[in-house]
Each structure stands twice: as C-alpha cells, then as structure tokens.
Amino acid sequence: MNEADIAVFIDAAEEFFRVLSGDLPIIGETRIEFAEPPTRDYTGLIQVGGIADGAVWFTADEAPLGEMLRAMHEDPRDQELKLDLIGELAGTVVMNVRERFGTDLRIEVPRVYAPGHPPPLPDRIAYVVPLLWGNGGIDLVIALNFNSDGAH
Amino acid sequence: MDNFVEIVELDGYPNRPDRADDHDIGPATGLLADGKAIYRLAVDAKTRVRNLRLRSALWDCLLKVNGRRDAATIATELQRPLAEVLHDLDRLSLLGIIHEPDAISLQQHLYPNAGPAARPEQKPAMPSTTSPEPNPAPTPIATPSPETRADTRSADCHMPSRRSLQCLLRLIRDRHGSGRHTELAVYRIFTAIPRRMFADAGISSFLFIDETTEITDAELMRALIDETRKQLRLDVCPEMQRCLAA
C-alpha cells in the first residue's frame, strides 16, 4: 500500500460531499497525531486488515451532521439519523476502497458510535484530515500500519 | 528570470547593483551570548557568493544572517512568513553559504556526545573557487543507485538544514512534489517508527502547515533518517552510512 492507495480514502470522502452538496469540503490543516487520535460526538469507524491494518474513521460534531441532514431534507435534530449519516459516510468510503483493492485489503462493515460511546481506537499513529463543513468539525482519521514495502 | 538578481563583484565583495550600501559581508559569527541559536556565515561565504546568482529574497536573508540574527528575527525584519524564511535559509545552507544553528544540526542529532573533532569533516556543497564560473552546481555527495539517480541529487551527505526533520521533509517533497501524496508519504514513514519513540521525545502531533516540529532525540532522528532512506530508496555516501551506524 502506498500514498496513492491511501488517497483513495480521502477521494471517497470528498466524493461523498460533492454528491451531497455539489461542492467539495474545505480541507483544513492536516496533521499527524502521535498521541490519542481525535474523536467527536459521532463516529463511523472501519476496521482494516490485509495489506494494511488499523482503522479509518469519520468523527463529527452534532452541528455539521445536522446541516448535512438539512441539505438532505431530513430532520436535523434526529440523533438516529445522525448516526445513520456518519455510518453512510464511512460506508461510502468502504465501497470505494473495496472497488479499488478487492480482497487485498480486508474492509469490515462500518460501526457507528453515538455521543457518550467512544469507539475503540487502534494504537496507531494517525493522519488527520479536517473536513470543514458548516458550523462544526468533521475529521477523517486514517490510522493504519503498512504491511508491505509500499508497492501495490 | 525576473526574480533573479545578478551578483556582481565589487571590490572583492558580492554585491547587488541596488544594494550599494549594504553589500559588505563580514566574518563568520558564532552564537549569541544569550544562547539563542543564530545562523552563521560560512568562512568562505564571500567566495561562494561571488559567482552565484541569488534570488533577491535569498540575498535579503543572507544580509540578515550577516547581522547575526535568528530565523524568527529575520522573518520579522523582512516582514515575511517564518516558513518562507526558513526555506530560504535552508537554500543558503545547501549552497554552503551559511551554517545552520549548531544546536539543531543533523550532525549533532547523530553525534550528541561527540566534539567537533569526532564528526566527519563537512565537505563543501560547492567547490570553493575564485575563478569566475557562472552558476556552479552543487557537488553531489550522495551516491544514488542508477534507477534513482535523478531523484537523489539533493540527498547530500550532511543534508544541511535548520532542522534535520525539515531536511527529510524536503527530500520527500523532492520525490513526491507537494500536496497530499507528500503528506501521506511522510505519514507512511512516521508509521514505520514505533509510536512510543515520539511520545518519549515529547512529540504529540505534527502539523503540515508549519512543519516546525523539532526533533532533538538522536535515536528518533536516526530512525526517521533510516526509514526515509529505505522508503525513498536513497543510497547515501559512506560518511552518512557511518553516521547512521554511530
């Protein structure tokens, strides 16, 4: 797995927002976290194995999820819908990544976590991509170890 | 080439036609008395600059270094972003015109307990000559393998830089360009290093926007250098090999 392979995760996330609103999200100041990776109110997490292992997740504040629901003509206050939405975001990435890698990369079904239920996070160095959407934060977090020499 | 300014010789000193008043470059200097790290001019800075064409921005930085200033002060006085000034200072360092602050040089990362005599002799990045020779290219010190020769021209043995981490980032950027792929390449290199090493070094995050994370832990720096060489498939000279094995 190499840099272009990992970019598939980010491209898939951008595509989700493009389809949702017609615009790509603004990418914030990317960073690498060596300590505890970030989580917000809602998290959609994908466990990854095979040519890389770890997890990829989206974690979002209440507010941007509400705005996304409003853009989808749904009730912006509905917590269940927010949980579904963060899962859908993660699921979109899963679909794209499966198309790209097939069985070389094992991708599990996304798991979603509501406020007050922090997800189990892998003990990995994380690459964090803040996606700026409306009034609040959404982070795409990639926390993988690479099992090959970079060739794929 | 509008952003380049011809350097001409005036009474033995490098000069720019529009800088008639401040062309004098003094002798090399050390560290300030308060311990704040500053850049130093190379002993043969005049000779090196004489035959170069420097961008005006580099020239501005060079004159400030001559005034015994640190990077932050230079950025303030030039009213330029610190990151840009650091980049220009790195260029001057690569050209062998200035020396980076001793306290954070790569060799000190690699030889934390050794005195100057124990370190490999630093070869000049450019030939020191007084003969007029326009735009001399830096002498490659690294020994690239045939398949990567074109990509390793900047992998000089000593990789002079204000910060060794920034030097590594430059190597990665040389290979991947800028943008997301470079960031992910950096991430892949970092993930090959045990997470605890960063914690032990007191490093909790690395922000790409400013790249100002300083690594003073010799073991961590060695691991990063080694992993960068491995992933970028860089062959380096025997001196660097000895550094890494130290």
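Naming: A, B, ... by sequence-line order, numbering from 1 per chain. Note that these values count all heavy atoms, side chains included, but never hydrogens, waters or copies made by symmetry.
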Taking side chain to side chain contact (heavy atoms under 4.5 Å, CB included) as the criterion, tell me which of B:T191, B:L184, B:V186 meets it with A:Y127.
B:L184
Restricting to pairs with a member in residues 30-52 of chain A, which pass ring-ring contact (aromatic ring centres under 6.0 Å, His included), not counting sequence neighbours?
A:F34-B:F190, A:F34-B:F198
Proximity breakdown for B:A199 and chain A, heavy-atom pairs closer than 4.5 Å
neither
Minimum-distance pair of heavy atoms, taken over all atoms of B:R195 and A:P122
NH1-O, 4.3 Å
Chain B contacts, top residue of A:V128, A:I10, A:N145 (heavy-atom pairs, under 4.5 Å)
A:I10
Can you give each donor-acceptor pair under 3.5 Å made by side-chain atoms of residues 64-73 of chain A, sequence neighbours left out, with the distance rounded to 0.1 Å?
residue: A:E67; atom: OE2; partner: A:N135; partner atom: N; Å: 2.8

Are side-chain heavy atoms of A:D11 and B:R180 found at a separation under 4.5 Å?
yes
Contact list (residues 25-33 of chain A to chain B, heavy-atom gap under 4.5 Å, by number) returns A:E29, A:T30, A:R31, A:I32, A:E33
What pairs meet the side-chain hydrogen bond (donor to acceptor under 3.5 Å, both in side chains) rule with one or both residues in residues 107-121 of chain A, with sequence neighbours excluded?
none
